[in-house]
Amino acid sequence: MRVMVSADMEGATGVTAPADVEPGTEQWQRFRRMLTGDVNAAVDGLFAGGAADVVINEAHSTQRNVLIEELDPRASMITGRHKPLAMMQGIEDADAVVFLGYHTGAGERGVLAHTYVWSGLLELRINGVPASEGRMNALLAAELGVPVVLVTGDDLTCADAETYAPDAERVTVKFCISRYAARCLAPARTAVLIREAAERALPAAGGRTPPRPEGPFSFEVDMSATHLAEFVTAIPGVELSGRRTVTYTLPTMFEAVRCFRAVTALIGAAKEAVFD
């Protein structure tokens with residue numbers, strides 16, 4: 001069985017502040033090691049649970065965060081930006097997927113909660129349902145017949161995962177107090193929890209195939225300012241549906257996720273330093 005691990009950073013062990021995950025900061029350098037530790041714990045457990053191949057896909061920011069010199073040598077890693085499926089690159093070749101270091105979505109409670117961009121995007125809804133990155137990525141995985149077998153992050157991320165991947169193992173590495181505070185478990189403890197859950201995950205999944213979601217898929221994106229919404233309508237098919245909301249509909253999640261990447265890229269390009 002080939003497993004893809006989509007490794008984000010906001011939900012990694014110990015992470016609570018923007019500086020912890022902002023490339024180039026002293027704190028980011030420190031927490032890269034925490035993220036790598038979480039990844040290695042998952043890799044060890046997945047191989048113990050019967051994985052034949054484990055591929056890590058860097059999913060955070062510049063997508064150059066995991067310390068490859070400290071990566072478990074049994075795994076390989078997809079690193080770097082401008083990947084066609086971003087957080088989910090490699091899913092087409094996977095039999096199972098792990099969401100490691102994930103977080104809740106924009107507008108929700110949770111440590112470092114957001115959806116793709118830190119500011120400017122207030123909420124994403126897919127077919128009318130508020131959607132985190134986890135829910136969106138799980139829909140894409142399900143469209144390709146790939147089950148989510150493990151999710152790690154804060155307690156609210158794990159609660160979110162129960163709604164979109166109820167059969168997956170879940171590991172809480174910290175408990176949300178606010179967007180920028182949490183009660184965190186020590187790395188030595190989270191490593192054990194992640195490894196044990198990863199070892200259970202594959203046998204528990206068996207040959208399970210998730211129900212294929214039926215399209216079309218309507219994405220509604222609420223933004224913090226009118227000019228952001230107006231700017232992203234430069235993308236064909238993306239239309240204003242409110243003063244600060246855009247909507248688009250596509251037949252598959254594969255297409256819808258790629259369009260969402262374009263929407264968030266334009267949000268980032270349209271923001272000013274002081275005003276969104």
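We use all heavy atoms of the structure for the numbers below, so side chains are in, but hydrogens, waters and symmetry mates are not. None of these values were measured; they are calculated from a predicted model.
- Between the side chain of Glu143 and the backbone N or O of Phe254, at least one donor-acceptor pair lies under 3.5 Å.
- The structure places CG of Leu228 at 6.5 Å from CD1 of Ile267, a figure rounded to the nearest 0.5 Å.
- Counting heavy atoms from C-beta outward, Val98 and Val3 have side chains that approach closer than 4.5 Å.
- Cluster annotation: Leu124 and Val129 are assigned to distinct hydrophobic clusters (Ile/Leu/Val/Met/Phe/Trp/Tyr, side-chain heavy-atom contacts under 4.5 Å, transitive).
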Arg125/Glu123 under salt bridge (charged side-chain N to carboxylate O under 4.0 Å, His left out): CA gap, chis, key distance, verdict: CA-CA 7 Å; Arg125 293 178 296 281; Glu123 185 176 72; 2.6 Å; yes

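- Each of Leu202 and Phe99 belongs to its own hydrophobic cluster when Ile, Leu, Val, Met, Phe, Trp and Tyr are linked at side-chain heavy-atom distances under 4.5 angstrom.
- The closest side-chain donor-acceptor pair between Thr245 and Asp222 falls under 3.5 angstrom.
- Cluster annotation: Leu85 is not connected to Val55 through the hydrophobic network of ILVMFWY side chains, with a link wherever side-chain heavy atoms come within less than 4.5 Å.
- Both the sub-6.0 Å distance and the 45° axial angle are satisfied by Arg183 relative to the ring of Phe175.
- In Arg33, the CZ atom is not crowded: 12 or fewer heavy atoms of neighbouring residues, nucleotides or ligands sit closer than 6.0 Å.
- Listed for the Arg244 side chain is no donor-acceptor partner under 3.5 Å among the backbone atoms of Gly242.
- Expressed to the nearest 0.5 Å, how far CE of Met87 lies from CZ of Arg261 amounts to 11.5 Å.
- Put simply, the side chain of Tyr180 does not reach to within 4.5 Å of the side chain of Thr16, judged on heavy atoms.
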From CA spacing to verdict: side-chain contact (heavy atoms from CB on, under 4.5 Å), Val246, Met223: CA-CA 8 Å; Val246 298; Met223 301 176 202; 3.5 Å; yes

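- Heavy atoms only, all atoms of each residue included: Pro147 and Gly145 are closest at CD-O, 3.7 Å.
- We find the CG-CE distance between Leu46 and Met4 to be 12.5 Å, quoted to the nearest 0.5 Å.
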Verdict with reasoning, Glu26 to Arg30, per salt bridge (charged side-chain N to carboxylate O under 4.0 Å, His left out): CA-CA 7 Å; Glu26 181 179 349; Arg30 175 188 174 204; over 6 Å; no

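- Side-chain contact check for Val173 versus Leu185: every heavy-atom pair is 4.5 Å or farther apart.
- No side-chain donor from either of Asn57 and Gln89 sits under 3.5 Å from a side-chain acceptor of the other.
- Contact between Ala181 and Val111 at its shortest, heavy atoms only, is O-CG2, 3.9 Å.
- Across Leu250 and Cys259, no two heavy atoms sit closer than the pair CD1-CB, 3.8 Å.
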Residue pair Glu10, Trp118: steps toward the side-chain contact (heavy atoms from CB on, under 4.5 Å) verdict: CA-CA 11 Å; Glu10 286 86 358; Trp118 269 95; 3.9 Å; yes

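- Side-chain contact, Asn40 with Glu70: no donor N or O sits under 3.5 Å from an acceptor N or O.
- A heavy-atom distance below 4.5 Å is not found between the side chains of Glu239 and Tyr248.
- Of the listed residues (Val15, Thr190, Leu156, Thr157), just one forms a side chain to side chain contact (heavy atoms under 4.5 Å, CB included) with Lys174, and that residue is Val15.
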CA sep, side-chain torsions, deciding dist, call: Leu150, Arg200, side-chain contact (heavy atoms from CB on, under 4.5 Å): CA-CA 9 Å; Leu150 170 63; Arg200 293 191 301 268; over 6 Å; no

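- Heavy atoms only, all atoms of each residue included: Ala41 and Ala191 are closest at CB-O, 3.5 Å.
- Residue Thr249 comes nearest to Pro216 through the heavy atom pair CG2-CB, 3.7 Å, listed as atom of the first residue, atom of the second, then distance.
- Across all their heavy atoms, Glu199 and Ala48 have their closest contact at CD-CB, 3.8 Å.
- Side-chain contact check for Ser132 and Tyr102: no donor-acceptor pair (N or O, by modelled atom type) lies under 3.5 Å.
- The same ILVMFWY cluster, assembled from side-chain heavy atoms under 4.5 Å apart, contains both Val148 and Val146.
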Working for side-chain contact (heavy atoms from CB on, under 4.5 Å), residues Cys184 and Thr13: CA-CA 7 Å; Cys184 300; Thr13 295; over 6 Å; no

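- Of the inter-residue distances, the one linking Ser6 atom OG with Asn137 atom CG reads 6.0 Å to the nearest 0.5 angstrom.
- A salt bridge between Asp53 and Arg74 is absent, with no side-chain N of the basic residue lying under 4.0 Å from a carboxylate O of the acidic one.
- There is a side-chain donor-acceptor pair under 3.5 Å between His103 and Asp8.
- Side-chain contact check for Leu100 versus Val151: every heavy-atom pair is 4.5 Å or farther apart.
- A 4.5 Å side-chain heavy-atom check between Met136 and Phe219 finds at least one atom pair inside the cut-off.
- Under the 4.5 Å side-chain criterion, counting only non-hydrogen atoms from C-beta, Lys83 is not in contact with Met88.
- Atom CD of Glu22 sits about 10.5 Å away from atom CE of Met9, to the nearest 0.5 Å.
- For the 3.5 Å distance criterion, the side chains of Thr163 and Arg135 qualify, holding a donor opposite an acceptor.
- Once rounded to the nearest 0.5 Å, the distance linking CG of Leu240 with OG1 of Thr226 reads 9.5 Å.
- Ile56 is listed as a side-chain neighbour of Leu71, based on a closest heavy-atom distance under 4.5 Å.
- Looking at Thr252 and Glu255, their side chains do bring a donor and an acceptor atom within 3.5 Å of each other.
- Under a hydrophobic-cluster definition in which Ile, Leu, Val, Met, Phe, Trp and Tyr are linked whenever side-chain heavy atoms come within less than 4.5 Å, directly or via other members, Val97 and Val66 are assigned to different clusters.
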